[in-house]
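Ligands are counted one by one from 1 in listed order, and the atoms in each one are counted from 1 as well. For the single chain, residues carry numbers from 1 onward in sequence order.
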Amino acid sequence: MLGRCAARALGALRGLREGAPPARSPGPSRRLLSSEKVSEKDHSLPKPCWSKDMRLLFDQFMKKCEDGSWIHLPSYEDIATQRSQDFSTFIHAYFPTASEQINKEKLSQGRIFTRSFEDGLGFEYVMFYNDAEKRIVCVFQGGPHLQGMPGFFHGGAIATMIDATVGMNAIVSGGIVMTANLNINFKRPIPLCSIVLINSQLDKIEGRKLLVSCNVQSVDEKILYTEATSLFIKLNPEKEFHIKELVLNSAPPA
Ligand SMILES: CC/C=C\C/C=C\C/C=C\CCCCCCCC(=O)SCCNC(=O)CCNC(=O)[C@H](O)C(C)(C)COP(=O)(O)OP(=O)(O)OC[C@H]1O[C@@H](n2cnc3c(N)ncnc32)[C@H](O)[C@@H]1OP(=O)(O)O
């Protein structure tokens, strides 16, 4: 049985695509342009660019999902439904000054960073969540455009995938959170285009703080490439109360 927070967060992740009603109002901070492209592709499902090993790992984890102990997490490249517009409106209301500085025309082109590369060239990954153990495992196949030192992944690309994985763990466990601190020890360089496992674990929740750790290992678990710890802060619930009112009152009269 999923915890209430995890069930809500997973529902929200799925709800970004499934059965969401057509947008009534984009709210004050996010105006959709008529030319806005909406991609429905779930990037966490097998694609031709996935290697044999990546597919094998996907199949192994999907097998673990059959008894409900693990859950496959969907992943889309952009955010375009009513519920996610509310989410976007919420975030902009939380940071009003920063929000004013955003170029609203460019905002409509917003795309999740890890899903903004052509298939196979950047970040290919799929995440699985275990609620009982508060773990997320990410199977990651990095492409040739993530190169840093010749033949190896760029440290920033590794940091990005770590942030995405521990971040998803924090979102599923805590709701709307932001990364406050990320500490990374790069222990071994990761060969370009290899497949690695990112194992993340929720260690502690202290009020609004969520501590999540992770390691990056080779598929056979013989090489420990990277270790990281992170701190996520749940956006202040008191402030959230006023923001909810703002979001609810933002729609123009019908
Ligand atoms: C339900 C959601 C559903 C769907 C989501 C939709 C789509 C998801 C798709 C993909 C997601 C993939 C995951 C990606 C994850 C990536 C996340 C990011 O990259 S976030 C971007 C980077 N982070 C930032 O830009 C954050 C910048 N910082 C801030 O905005 C603020 O500092 C803050 C973190 C919001 C905290 O500010 P607050 O005013 O809210 O809290 P404070 O009162 O300052 O602090 C509370 C508490 O925490 C302690 N603290 C804060 N920062 C730190 C720190 N760096 N180190 C240690 N401690 C810290 C602070 O001392 C307070 O402690 P207390 O006094 O004991 O209460």
Original post:
Should the pair Phe128 and His72 be assigned to parallel (<30°), tilted (30 to 60°) or perpendicular (>60°) ring geometry?
Top reply: tilted
**OP:** May I ask you to decide if the ring planes of Phe58 and Trp50 are parallel, tilted or perpendicular, using 30° and 60° as cut-offs?
**Re:** perpendicular
Relative to the heavy atoms of [X], which atoms of ligand 1 are at a distance of less than 4.0 Å?
X      : result
Phe95  : 30 (O)
Lys209 : 47 (C), 48 (O), 49 (C), 63 (O), 64 (P), 66 (O)
Leu235 : 35 (C)
Asp163 : 15 (C), 16 (C), 17 (C), 18 (C), 19 (O)

**OP:** Please verify whether a non-hydrogen atom of Leu231 lies at under 4.0 Å from ligand 1.
**Re:** yes
**OP:** Work out whether the distance between some heavy atom of Tyr94 and some atom of ligand 1 is less than 4.0 Å.
**Re:** yes
**OP:** Count the heavy atoms belonging to other residues, nucleotides or ligands that lie under 6.0 Å from CZ of Arg208, then report whether that count exceeds 12.
**Re:** yes
Original post:
Would Phe140 and Phe153 count as a close aromatic pair, with their ring centres under 6.0 Å?
Top reply: yes
**OP:** May I ask which of Ile233, Asn236, Ile162, Ile112 has a heavy atom nearer to atom 48 (O) of ligand 1 than the others do?
**Re:** Ile233
Subject >> Shortest reach to atom 14 (C) of ligand 1 by a heavy atom, considering only Gly174, Gly175, Ala164 >> reply: Ala164
**OP:** Give the contacting part of Arg208 toward ligand 1: side chain, backbone, both or neither, where contact means a heavy-atom distance below 4.0 Å.
**Re:** side chain
**OP:** For ligand 1, indicate whether the residue Thr179 contacts it via side chain, backbone, both or neither (heavy-atom separation under 4.0 Å).
**Re:** both
Original post:
How is the hydrophobic cluster of Leu231 composed, in terms of its other members, when Ile, Leu, Val, Met, Phe, Trp and Tyr link through side-chain heavy atoms under 4.5 Å apart, directly or indirectly?
Top reply: Leu211, Ile233
**OP:** Could you tell me whether the side chain of Asp42 reaches within less than 4.5 Å of the side chain of Tyr76, counting heavy atoms only?
**Re:** yes
Subject >> Note: Glu77-Lys41 ion pair, threshold 4.0 Å (strictly below) >> reply: no
